[in-house]
A.B. asks: 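Mind looking over this structure? Questions follow.
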Amino acid sequence: MTLKFIDIGANLTDPMFRGCYGGSRKHPDDFKTVLERAWQNGMQKIIVTSGCVSDVNQALELVAKDDRLYTTVGVHPTRCTEFLPDPESYYNELHSKIKANPQKVVAVGECGLDYDRQHFCPKETQLPYFEKQLSLAEECQLPLFLHSRNAHEDFMAILERNRDKLKACGGGVVHSFTGTLEEAKSLLAFGGLYIGINGCSLKTDENVEVVRQLPNDRIMLETDCPWCGIRPSHASHKHVATKFPTVKKKEKWTAETLIDGRCEPCQIGQVLEVIASIKQQPKEELAEQYYQNTLDLFFSKTK
């Protein structure tokens, strides 16, 4: 049985997938190779993550070239200062991008709160523009691709205050979850929310135990590539069965190898393997459940 996957969070506009690291070219543009490797490993669809208007423009250009690629439209909490010069104009630009691309935009986001990186954007700016994007999701009738980092109390307070908007837009997924079991339980108790799991969700023994206890009908899989691969130092690494040929140095790149430290969409199966192992459940059944969860939230309308 071939396992089917949908990566709900891939940063495919990152220059690393064009061979550039920190502004310097290290190897040829291998974007097409990366995608081909994903399709060969069971990937059916990929949702490209956008975090500001310029991301959206790049993502829309990318996803127009392949029927299996989709994108989000929204502003990451660390980029919310982009609203400030002219909030209404910026909001309208996001709105118009969504309306102009109904077949390709499947969620509003990445939006939320990130109190670990306030040096990029202070919480006082993050808070109102997270809330503003809940209105965008309601207006456009799109689910939410959510981010919450060290901000659970404020994050939940905003969701609670806007419960009607969450219901109207169809809910959402809190991606790259790294919180406590109590935080996971409060997200799930809210209703209409899923939890996205990637390598960063599986770093520590505590992370692994949280994921083990999550209900399968609320889990979605992601890579958050080129970030959040499962590293040898992670508590979950011992559960990974599938290995890919990998080079340590970027300059040693070949079309057949992955690059150490640059996660790819094809590695989504490793996330599934870890979850199946820690839950002691068949990966085939879990893959089917997580695939259906993703279809239900993002692809229930004909796209």
Side-chain angles (χ1 to χ4, degrees), residues 5-27 29-39 41 43 45-66 68-80 82 94 97 101 104-112 114 116-117 120-121 133 144-149 172-178 196-203 220-231 250 258-271 294 298:
F5 300 100
I6 299 172
D7 191 346
I8 65 162
N11 300 288
L12 294 185
T13 60
D14 193 286
M16 284 192 213
F17 293 119
R18 302 295 180 176
C20 294
Y21 300 75
S24 169
R25 178 168 294 284
K26 300 294 185 185
H27 60 76
D29 179 336
D30 63 341
F31 180 76
K32 288 180 181 174
T33 304
V34 167
L35 278 187
E36 193 51 46
R37 198 157 27 232
W39 310 137
N41 282 275
M43 193 73 74
K45 304 176 196 288
I46 299 175
I47 302 174
V48 179
T49 307
S50 296
C52 64
V53 165
S54 63
D55 278 1
V56 171
N57 292 335
Q58 287 182 66
L60 285 171
E61 194 178 327
L62 272 188
V63 303
K65 296 170 183 170
D66 195 307
R68 297 163 289 187
L69 297 178
Y70 301 85
T71 188
T72 68
V73 168
V75 184
H76 191 281
T78 61
R79 314 279 272 283
C80 280
E82 294 197 15
L94 294 171
K97 300 284 184 198
N101 297 278
K104 285 297 186 178
V105 180
V106 295
V108 167
E110 176 176 1
C111 60
D114 190 322
D116 280 348
R117 290 182 278 179
F120 291 121
C121 180
Q133 290 179 82
L144 288 148
F145 187 76
L146 296 161
H147 176 109
S148 177
R149 192 71 71 238
V173 58
V174 181
H175 107 104
S176 196
F177 185 77
T178 58
I197 302 300
N198 60 36
C200 290
S201 313
L202 297 162
K203 273 186 182 176
M220 292 185 190
L221 302 178
E222 57 175 288
T223 59
D224 204 24
C225 64
W227 321 109
C228 289
I230 299 172
R231 308 293 296 156
K250 304 168 187 72
L258 273 60
I259 296 167
D260 189 42
R262 184 186 75 165
C263 181
E264 290 191 18
C266 68
Q267 291 173 273
I268 197 166
Q270 296 177 331
V271 180
T294 310
F298 294 117

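When reading the values below, keep in mind they use all heavy atoms of this one structure, side chains included, and skip hydrogens, waters and symmetry mates. What you see is a predicted model; the values in this text were computed from it and never measured. Along the sequence shown, residues carry numbers from 1.
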A.B. asks: State, yes or no, whether a side-chain contact exists between Lys97 and Asn57 at a heavy-atom distance under 4.5 Å.
C.D. replies: yes
A.B. asks: If I compare all heavy atoms of Gly196 with all of Ile8, which pair ends up nearest, and what's the gap?
C.D. replies: CA-CD1, 4.2 Å
A.B. asks: Would you indicate whether the side-chain heavy atoms of Cys20 and Lys26 approach each other to under 4.5 Å?
C.D. replies: no
A.B. asks: Once you round to the nearest 0.5 Å, how far does CD of Gln58 lie from OG1 of Thr13?
C.D. replies: 5.0 Å
A.B. asks: Say you draw a straight line from CZ of Phe177 to CD1 of Ile197; how long is it, rounded to the nearest 0.5 Å?
C.D. replies: 7.5 Å
A.B. asks: Write down the atom of Val34, the atom of Pro265, and the distance for their closest heavy-atom approach.
C.D. replies: CG1-CD, 3.7 Å
A.B. asks: Is there a side-chain contact between Thr72 and Ile47, using heavy atoms and a 4.5 Å cut-off?
C.D. replies: yes
A.B. asks: How far does OH of Tyr70 sit from CD1 of Ile6, to the nearest 0.5 angstrom?
C.D. replies: 8.5 Å
A.B. asks: Do Glu82 and His76 have side chains that get closer than 4.5 Å, going by heavy atoms?
C.D. replies: no
A.B. asks: To the nearest 0.5 Å, how far apart are CG in Leu221 and OG1 in Thr294?
C.D. replies: 7.0 Å
A.B. asks: I need the single residue from Thr223, Ile46, Asn41 that forms a side chain to side chain contact (heavy atoms under 4.5 Å, CB included) with Ile268. Which is it?
C.D. replies: Thr223
A.B. asks: Can you find a pair of side-chain heavy atoms, one from Glu264 and one from Cys225, that are under 4.5 Å apart?
C.D. replies: no
A.B. asks: Distance-only, no hydrogens or angles: does the Asn11 side chain make a donor-acceptor pair with backbone N or O of Pro226 under 3.5 Å?
C.D. replies: no
A.B. asks: Are any side-chain N or O atoms of Asp114 and backbone N or O atoms of Arg117, one a donor and one an acceptor, separated by less than 3.5 Å?
C.D. replies: yes
A.B. asks: What is the distance from atom CE of Met43 to atom CZ of Arg68, rounded to the nearest 0.5 Å?
C.D. replies: 11.0 Å
A.B. asks: Any idea which heavy atoms bring Met16 and Arg262 closest together, and the distance?
C.D. replies: O-NH1, 2.9 Å
A.B. asks: What I'd like to find out is whether the side chain of Gln267 reaches to under 4.5 Å of the side chain of Leu258, using heavy atoms alone.
C.D. replies: yes
A.B. asks: Kindly give the heavy-atom pair with the smallest separation between Phe145 and Gly9, and that separation in Å.
C.D. replies: CZ-CA, 4.0 Å
A.B. asks: How long is the span from the NZ atom in Lys250 to the CZ atom in Arg25, to the nearest 0.5 Å?
C.D. replies: 14.0 Å
A.B. asks: Do the side-chain sulfurs (SG) of Cys228 and Cys263 come closer than 2.5 Å?
C.D. replies: no
A.B. asks: Any idea which heavy atoms bring Gln133 and Val75 closest together, and the distance?
C.D. replies: OE1-N, 2.7 Å
A.B. asks: Give me each pair satisfying salt bridge (Lys or Arg N to Asp or Glu O under 4.0 Å) with a member in residues 6-17, each pair once, sequence neighbours excluded.
C.D. replies: none
A.B. asks: Check step by step if salt bridge (charged side-chain N to carboxylate O under 4.0 Å, His left out) holds for Asp66 and Lys104.
C.D. replies: CA-CA 10 Å; Asp66 195 307; Lys104 285 297 186 178; over 6 Å; no
A.B. asks: Within the distance-only criterion (no hydrogens, no angle test), does the side chain of Thr78 pair as donor or acceptor with the backbone N or O of Cys121 below 3.5 angstrom?
C.D. replies: no
A.B. asks: Could you go step by step and tell me if Leu146 and Val173 meet the side-chain contact (heavy atoms from CB on, under 4.5 Å) rule?
C.D. replies: CA-CA 6 Å; Leu146 296 161; Val173 58; over 6 Å; no
A.B. asks: State, yes or no, whether a side-chain contact exists between Leu94 and Val53 at a heavy-atom distance under 4.5 Å.
C.D. replies: yes
A.B. asks: If the threshold is 4.0 Å, N to carboxylate O, is there a salt bridge linking Arg79 and Asp55?
C.D. replies: yes
A.B. asks: When you compare the side chain of Phe298 with that of Met220, does any pair of heavy atoms fall below 4.5 Å?
C.D. replies: yes
A.B. asks: Would you check if the distance from the ring center of Tyr21 to the ring center of His27 is below 6.0 Å?
C.D. replies: yes
A.B. asks: Taking all non-hydrogen atoms of both residues, which atom of Cys200 and which atom of Thr178 are closest, and how far apart?
C.D. replies: O-CG2, 3.3 Å
A.B. asks: With a cut-off of under 6.0 Å to the ring centre and 45° to the axis, is Arg18 in cation-pi contact with Phe31?
C.D. replies: yes
A.B. asks: Carefully, step by step, assess Leu12 and Leu69 under the rule side-chain contact (heavy atoms from CB on, under 4.5 Å).
C.D. replies: CA-CA 10 Å; Leu12 294 185; Leu69 297 178; 4.3 Å; yes
A.B. asks: Less than 3.5 Å apart, any donor N or O on the side chain of Ser176 or Asn198 sitting next to an acceptor on the other?
C.D. replies: yes
